[in-house]
Amino acid sequence: MATAAKRVGILTAGGDAPGLNAVIRGFGKTAISHYGMELIGFRDGIQGLVENRFMELTPAALSGILTTGGTILGTSRDKVNKYVVNGETRNMIGQVKENLEALKIDALVMLGGGGTVKNAKQLCDAGINVISLPKTIDNDIYGTDTSFGFATALDIATQAIDRLHSTAHSHHRIILAEVMGHRAGWLGLGAGIAGGADIILIPEIPYTVESVTATIKTRISHGSTFSVIAVAEGARNVKDTADMNAAELLVDTAKTPESLRAAKTHLAHVVDSQREHTFKLARELEASTGLETRVTILGYVQRGGTPCAEDRLLATRFGTTAADLVNKGEFGVLLAARGQDTVPVPLEDVAGKLKLVPTDHDWIETARKVGTGLGE
Ligand code: F6P
């Protein structure tokens, strides 16, 4: 077993999410006051690690941040092994090792989503003592039941859908509420169910405009001349889903540099052609139902601001448990929530994997049972 770490680095990477500061605080208070460690925070995620930009995290710096949104350290979306400097892509793992050695850092705690888990695995493979903590409003990190940020975003998206009901009802309109979630439908599905959306569209269930139209027309025939649709940002119709899958397969199976370049160009074209798909769907529904249709993109309000109580609890639990792990010398893991337990999972078991909504998931069955259309 490794010796107990005394000087620890922490960073936040990827999109910000409510609860990042609560984790920094939970980790820092336990590490400093309980275990007598020293803590430094790298600024702006991987950028700070590479460029050696950091701040000392003293008890004073950790005070008053439990409830604050964003991250006191700043964040970025860089990849440590494909780091872009002046338009050139470089592997910066050697540089990071040098910086950590010069700073006498014994362990690194990395708060982030799927991309950060991959970065953590790269650093772990290079011999750095790493622990990754699951942050994302998307809830798509493989190996953990949930991630901090998700509960808050779910509350915000649910409130938004609640509010859209009365305006859709008053104007006899269709309103599409586009919810974040990247390629996973957790946030759209959860907020759609909790907010009582009439239709929920998620990436895991490609939709047809005909099915969505049929649900709206049935509602009209029952006297409901309005509909609220929760659209996960990754949701696509059947054709667009097939086009995207085929384009991605071409990239994954390209055998030569030329074919890879061509496949990437094709994929970029497909991605581009599917931009603003929620607006396209709105136009299609307006034409097919005769109801005036509007789009509300919930966007960054879902991940800004103060974390809800559930996320504060989860974040504090993750932070304190991570400090225990550092003290024990247990590294190379993602800290995962499993029910009420917080368990270390080897990075090699989770890196590069995505947690999508299983199509037999209880939430999907729940939505169907209350009569919510899923566009199938
Ligand atoms: O991963 C969190 C998330 O908010 C996704 O839901 C969304 O697709 C993405 O980040 C937006 O990324 P950016 O901050 O780069 O616009």
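- Listed by first and then second residue, the ring-ring contact (aromatic ring centres under 6.0 Å, His included) pairs involving residues 295-314 amount to none (not counting sequence neighbours).
- Using modelled atom types, one side-chain atom of N119 and one backbone atom of D78 make a donor-acceptor pair closer than 3.5 Å.
- Residues S132 and L347 are in side-chain contact: their nearest non-hydrogen atoms beyond the backbone lie under 4.5 Å apart.
- With sequence neighbours excluded, the residues forming a salt bridge (Lys or Arg N to Asp or Glu O under 4.0 Å) with K121 are D125, listed by chain and number.
- A 4.5 Å side-chain heavy-atom check between W363 and V357 finds every atom pair outside the cut-off.
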Please walk me through it: do E376 and R368 pass salt bridge (Lys or Arg N to Asp or Glu O under 4.0 Å)?
CA-CA 11 Å; E376 310 160 270; R368 285 199 187 107; 2.6 Å; yes

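- At least one donor-acceptor pair closer than 3.5 Å links the side chain of E233 to the backbone N or O of H182.
- Other members of the cluster containing L250 do not exist, because no ILVMFWY side chain is joined to it at under 4.5 Å.
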Below 3.5 Å, can you tabulate the donor-acceptor pairs from side chains in residues 251-261 to any protein atom, sequence neighbours excluded?
from, atom 1, to, atom 2, distance (Å)
T253, OG1, L249, O, 2.7
T256, OG1, S259, N, 3.0
T256, OG1, S259, OG, 2.9
S259, OG, K255, N, 3.4
S259, OG, T256, N, 3.0
S259, OG, T256, O, 3.0

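- Proximity of a side-chain donor or acceptor of K135 to a complementary backbone N or O of G15 within less than 3.5 Å is detected.
- Residues F331 and V345 are members of separate hydrophobic clusters, defined by side-chain heavy-atom contacts under 4.5 angstrom among Ile, Leu, Val, Met, Phe, Trp and Tyr.
- Put simply, the side chain of T296 does not reach to within 4.5 Å of the side chain of L176, judged on heavy atoms.
- In summary, K264 and E248 do not engage in a salt bridge, as defined by a charged side-chain N under 4.0 Å from a carboxylate O.
- Residues passing the salt bridge (Lys or Arg N to Asp or Glu O under 4.0 Å) test with E284, sequence neighbours excluded: K280.
- Hydrophobic clustering of Ile, Leu, Val, Met, Phe, Trp and Tyr side chains at less than 4.5 Å, counting indirect connections, keeps L281 apart from I202.
- Contact check on D140 versus R183 returns no salt bridge, with no Lys/Arg side-chain nitrogen under 4.0 Å from an Asp/Glu carboxylate oxygen.
- Without hydrogens or angle criteria, Q302 side chain to G299 main chain gives a donor-acceptor distance under 3.5 Å.
- Side-chain atoms of V109 and F27, non-hydrogen and from C-beta on, do get closer than 4.5 Å to each other.
- With sequence neighbours excluded, the residues satisfying salt bridge (Lys or Arg N to Asp or Glu O under 4.0 Å) with D198 are R219.
- Using modelled atom types and a 3.5 Å distance limit, the side chains of T359 and E204 yield no donor-acceptor pair.
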So K239 and D243, salt bridge (Lys or Arg N to Asp or Glu O under 4.0 Å) or not? Walk me through it. CA-CA 6 Å; K239 180 181 176 302; D243 288 350; 2.7 Å; yes

Q: Apply side-chain hydrogen bond (donor to acceptor under 3.5 Å, both in side chains) to Q159 and D155, showing your working.
A: CA-CA 6 Å; Q159 277 178 32; D155 279 352; 6.0 Å; no

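- Using a distance-only test at 3.5 Å, with no hydrogens or angles considered, a donor-acceptor pair links the side chain of D106 to the main chain of R7.
- Residues V8 and L335 are members of one and the same hydrophobic cluster, defined by side-chain heavy-atom contacts under 4.5 angstrom among Ile, Leu, Val, Met, Phe, Trp and Tyr.
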* Go through I216 and I229 one step at a time and tell me if the side-chain contact (heavy atoms from CB on, under 4.5 Å) criterion holds. => CA-CA 10 Å; I216 295 169; I229 309 181; 4.1 Å; yes

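- Side-chain contact between L73 and L20 is absent, with no heavy atoms from C-beta onward closer than 4.5 Å.
- With a 4.5 Å cut-off between side-chain heavy atoms of Ile, Leu, Val, Met, Phe, Trp and Tyr, the cluster of M92 takes in L11, I40, F42, I46, L49, V50, F54, V80, Y83, V85, I93, V96, L100, L103, I105, L108, M110, L123, I128, V130.
- In this structure, the side chain of T320 engages the main chain of T316 through a donor-acceptor pair within 3.5 Å.
- In this structure, M37 is a member of the same hydrophobic cluster as I24, with clusters built from ILVMFWY side-chain heavy atoms closer than 4.5 Å.
- Formation of a donor-acceptor pair under 3.5 Å by the H222 side chain with backbone atoms of S224 is not found in this model.
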| query | Step by step, would you call I141 with L334 a side-chain contact (heavy atoms from CB on, under 4.5 Å)? | reply | CA-CA 10 Å; I141 301 176; L334 167 78; 4.1 Å; yes

Please table the atom pairs, donor to acceptor, closer than 3.5 Å between any side-chain atom in residues 185-192 and protein atoms at least two apart or in another chain.
from, atom 1, to, atom 2, distance (Å)
W186, NE1, N139, O, 3.3
W186, NE1, K355, O, 2.9

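- Between R275 and D272 there is a salt bridge, with a side-chain nitrogen of the basic residue lying less than 4.0 Å from a carboxylate oxygen of the acidic one.
- Between the side chain of R77 and the backbone N or O of G45 there is no donor-acceptor pair closer than 3.5 Å.
- Under the side-chain contact (heavy atoms from CB on, under 4.5 Å) criterion, E88 pairs with R90, sequence neighbours left out.
- Within 6.0 Å of atom NZ in K82, 12 or fewer heavy atoms from other residues, nucleotides or ligands are found, so the atom counts as exposed in its surroundings.
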Derivation and outcome, side-chain hydrogen bond (donor to acceptor under 3.5 Å, both in side chains), residues D349 and Y142: CA-CA 9 Å; D349 293 352; Y142 190 86; over 6 Å; no

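- Membership of an apolar cluster is not assigned to V238, as no side-chain contact below 4.5 Å to another ILVMFWY residue is traced.
- At a threshold of 4.5 Å between non-hydrogen side-chain atoms, the residues T152 and I137 do not count as touching.
- To the nearest 0.5 Å, the span separating CD1 on I199 from OH on Y207 amounts to 11.5 Å.
- Of the residues listed (N237, D240, T241), the one engaging P206 in a side-chain contact (heavy atoms from CB on, under 4.5 Å) is T241, and it is the only one.
- The residues E286 and R283 are annotated as not salt-bridged, no charged nitrogen and carboxylate oxygen being separated by less than 4.0 angstrom.
- Side-chain N or O atoms of T144 include none that pairs as donor or acceptor with a backbone N or O of S147 at under 3.5 Å.
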Exercise. Can you check side-chain contact (heavy atoms from CB on, under 4.5 Å) on T342 and F318, steps first, answer last?
Worked result: CA-CA 7 Å; T342 314; F318 275 135; 3.7 Å; yes

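- Using a 4.5 Å heavy-atom cutoff, the side chains of H172 and E292 are not in contact.
- In terms of the salt bridge (Lys or Arg N to Asp or Glu O under 4.0 Å) criterion, E101 has no residue partners (sequence neighbours excluded).
- Other residues, nucleotides and ligands place no more than 12 heavy atoms under 6.0 Å from the CZ atom of R163.
- For F226, the ring-ring contact (aromatic ring centres under 6.0 Å, His included) criterion is met by H169, not counting sequence neighbours.
- Between T306 and T68 there is no side-chain heavy-atom pair separated by less than 4.5 Å.
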Q.
Test side-chain contact (heavy atoms from CB on, under 4.5 Å) on H277 and R236; report intermediate values, then the result.
A. CA-CA 8 Å; H277 63 93; R236 295 289 184 275; 2.8 Å; yes

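- With hydrophobic clusters built from ILVMFWY side chains whose heavy atoms lie under 4.5 angstrom apart, V209 does not share a cluster with I200.
- The backbone N or O of T12 lies less than 3.5 Å from a partner atom in the side chain of T75, making a donor-acceptor pair.
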